[in-house]
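The structure appears right after this line, and notes come after that.
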Amino acid sequence: MEANRSLRLSSIGILLVVGLIATGCTFAPAASQPTPSSTPPEVNADPSVDSLASVTAEQVDAAVKDLPDAVRDAMDLSGTPGVGVGVVYDGEVVFAEGFGVRDVDSGDAVDADTVFAMASVSKSLGATVVARAIDEGIVTWDTPVAANLEGFTLSDPYAGENVTIADMYAHRSGLYEHAGDELEEIGYDRAEVLERLRFVPLEPFRAVYHYGNFDITAAGESVARAAGEDWADLSERLLYAPLGMTSTSSRFADLESRDNRALGHIQQDGEWIVNPEQRQPDEQSPAGGASSSIADMLTWTTMLLAAGEQEGDVFIEQSSLLPAMSPQMIMGAPTQFGARAGAYGYGFNVSTSVGGMVDVNHSGAFAMGTGTIVKVLPAAGLGIVVLSNAAANGVAEGVASRFMDIAQFGEERRDWVTFWNGVFERFNAPFGSLLGEEPPTDPEPARALAEYAGSYANEYFGAAEVAVEGDDLVLRLGPTGEWPLEHWSGDEFVFRPYSENANPGSISKATFTGDTLVLEYFDQHDLGTFTR
């Protein structure tokens with residue numbers, strides 16, 4: 001269960017898995033060698049870009065022709081209501097279509113202009129915003145976050161003073177995975193979450209990779225402060241407006257106002273429904289708050305594949321963009337001898353395909369109703385974007401993986417949609433050590449409820465308030481966190497969190513011992529003890 005929680009889907013955790021699986025490090029067994037193409041790969045003067053696989057126009061054409069069937073098969077398997085797909089090859093958009101509906105209630109169709117929540121693909125978009133800011137002389141990748149984000153620090157003062165924009169975008173600050181997400185979940189705003197990161201114990205600085213949202217948010221906020229602008233405004237000025245991405249924003253209100261908008265969907269009793277609680281990720285906007293369409297994302301992807309050029313002119317200097325799309329931090333040691341390692345750049349996964357081609361990608365996912373991916377083979381000038389409006393289920397990754405297999409090898413090497421669906425089933429498991437257990441039939445009695453009531457202090461989460469309301473206890477935490485406490489046995493109660501980080505069916509213990517209260521759900525990193 002801990003492994004599941006460490007890869008939560010909040011804007012997400014699948015990116016780590018995407019990068020590692022793409023390289024063969026985890027889950028995926030060793031694959032057979034592909035049959036060499038009848039067209040030999042072009043000889044390149046740099047051996048580091050040579051590969052066994054070769055992307056040909058004929059294979060790309062076959063992969064494009066396969067896309068409608070691939071998408072419909074994936075939708076049939078998963079029930080995903082709506083999907084948008086786009087492909088860029090050799091500087092041209094060769095496919096841009098929508099499938100299904102953007103809203104199961106209205107039945108309105110998805111098209112290439114339908115706007116989706118991007119979730120963690122926002123990290124890659126944001127990295128290019130930073131690269132443009134570097135070109136303007138606002139910052140460099142090596143600018144310390146604290147240089148422009150006044151008051152920012154971490155629990156290790158040296159790390160707090162020296163952690164750079166690059167460190168945060170490469171997830172190597174020493175913060176644990178998804179640090180800060182649980183603060184956003186209980187209603188803290190961006191400034192308060194970043195302030196409270198100073199209470200998180202760190203692992204060795206620049207020595208370990210831990211994926212997160214608020215490390216990148218801190219970096220993005222620092223860049224925005226240096227520019228004297230809000231992050232969403234800076235993104236608009238430096239990236240979206242000059243590229244003509246008129247349907248793209250880093251502000252939730254803009255997504256909410258779009259007429260052609262895909263709503264997030266979740267499953268209820270086996271049926272896909274519009275989630276009554278649409279994910280609002282403004283507090284982590286640089287990491288998960290962008291929204292865009294297939295048409296706009298293809299414009300951006302075309303620029304990436306042109307090494308930062310737009311219509312023949314330099315849009316981002318290669319010296320600023322290349323580091324983001326190059327390996328900067330090993331994501332995890334291989335789990336078996338001979339396996340390829342996965343790496344992270346600055347806001348991009350950077351892996352190596354089975355055929356030896358550099359694969360730059362990023363996935364995004366909201367358990368509350370989004371699954372996205374952008375995946376490019378820079379040496380081949382080939383990229384695909386897949387956007388979906390269902391709680392993350394592997395559809396985006398499966399469609400993109402199948403497409404890239406056919407483009408490189410002439411055929412799909414495995415049933416990727418089924419594979420990724422299985423991966424996400426594990427991620428979507430509920431949380432709690434009491435899962436599957438029935439309440440005791442003869443529980444030990446609780447004390448008088450008033451004896452549990454009071455304020456319990458915690459420097460990271462803030463005070464937990466326990467109050468008696470009628471015949472029950474209520475737990476309140478942060479600006480918005482509130483749950484009824486159900487008696488389990490003795491001094492042990494339970495509450496049932498549901499959020500981007502807690503899947504439906506989750507159950508958490510709340511254990512009172514003397515003047516302490518331990519909340520299991522908030523104690524996954526030993527920070528969940530509260531003292532009266």
Side-chain angles (χ1 to χ4, degrees), residues 12-34 51-55 59-60 62-78 80 83-89 95 99 119-121 124 294 297 301 331 339-340 342 348-365 371-380 382-388 390 392-427:
I12 201 231
I14 43 170
L15 329 149
L16 167 61
V17 180
V18 167
L20 292 178
I21 293 181
T23 64
C25 282
T26 60
F27 300 118
S32 59
Q33 292 296 317
S51 61
L52 179 62
S54 59
V55 173
Q59 288 173 183
V60 172
V64 167
K65 289 179 178 177
D66 174 72
L67 272 174
D69 287 340
V71 174
R72 293 187 185 103
D73 288 349
M75 293 174 70
D76 288 345
L77 175 68
S78 63
T80 298
V83 175
V85 184
V87 176
V88 174
Y89 180 55
F95 189 89
F99 300 83
S120 279
V121 172
S124 304
I294 285 294
M297 288 298 293
T301 303
M331 290 198 298
R340 291 175 293 279
F348 290 88
N349 293 301
V350 185
S351 59
T352 306
S353 76
V354 170
M357 302 195 78
V358 172
D359 182 331
V360 181
N361 64 78
H362 214 291
S363 279
T372 63
I373 189 170
V374 58
K375 190 175 183 69
V376 301
L377 303 179
L382 180 64
I384 184 170
V385 179
V386 186
L387 312 177
S388 69
N393 54 20
V395 164
E397 290 76 15
V399 169
S401 297
R402 173 168 163 166
F403 175 85
M404 286 301 191
D405 265 8
I406 297 172
Q408 290 178 89
F409 313 122
E411 62 182 359
E412 185 179 28
R413 296 172 44 253
R414 67 186 307 164
D415 183 350
W416 283 112
V417 171
T418 298
F419 170 80
W420 280 108
N421 185 257
V423 170
F424 277 86
E425 282 183 358
R426 295 194 290 277
F427 288 161

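Counting from 1, the numbers follow the sequence of the chain as shown.
Contact check for Asp359 versus Leu377: side-chain heavy atoms found under the 4.5 Å cut-off. At a threshold of 4.5 Å between non-hydrogen side-chain atoms, the residues Val395 and Val83 count as touching. The closest side-chain heavy-atom distance from Ser353 to Gln408 is below 4.5 Å. Contact of the Asn349 side chain with the Met331 side chain is registered, since non-hydrogen atoms from C-beta on lie closer than 4.5 Å.
Residues Val417 and Val399 approach most closely at CG2-N, 4.1 Å, considering heavy atoms. Here the shortest heavy-atom pairing between Trp420 and Gly394 reads CB-O, 3.5 Å. Taking all atoms of both residues into account, the shortest heavy-atom contact from Val85 to Phe95 is O-CD2, 3.6 Å. Nearest heavy atoms, Trp416 versus Ser401: CG-CB, 3.4 Å.
For Ser78, the side chain to side chain donor-acceptor pair (under 3.5 Å) partners at least two apart in sequence or on another chain are Thr80.
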>> Could you go through Glu397 and Val423, starting from their C-alpha distance and side-chain angles, then the distance that decides it, and tell me whether this counts as side chain to side chain contact (heavy atoms under 4.5 Å, CB included)?
In response: CA-CA 11 Å; Glu397 290 76 15; Val423 170; over 6 Å; no

> Passes side chain to side chain contact (heavy atoms under 4.5 Å, CB included), Met357 versus Val55? Steps please.
Replying inline: CA-CA 10 Å; Met357 302 195 78; Val55 173; 3.8 Å; yes

>> Would Val386 and Lys375 count as a side chain to side chain contact (heavy atoms under 4.5 Å, CB included) here? Give the steps.
In response: CA-CA 9 Å; Val386 186; Lys375 190 175 183 69; over 6 Å; no

Acceptor/donor pairs from residues 63-74 side chains to any protein atom, 3.5 angstrom cut, sequence neighbours excluded:
unit_1, atom_1, unit_2, atom_2, d
Lys65, NZ, Asp61, OD2, 3.2
Asp66, OD1, Arg402, NH2, 2.7
Asp66, OD2, Arg402, NE, 2.8
Asp66, OD2, Arg402, NH2, 3.4

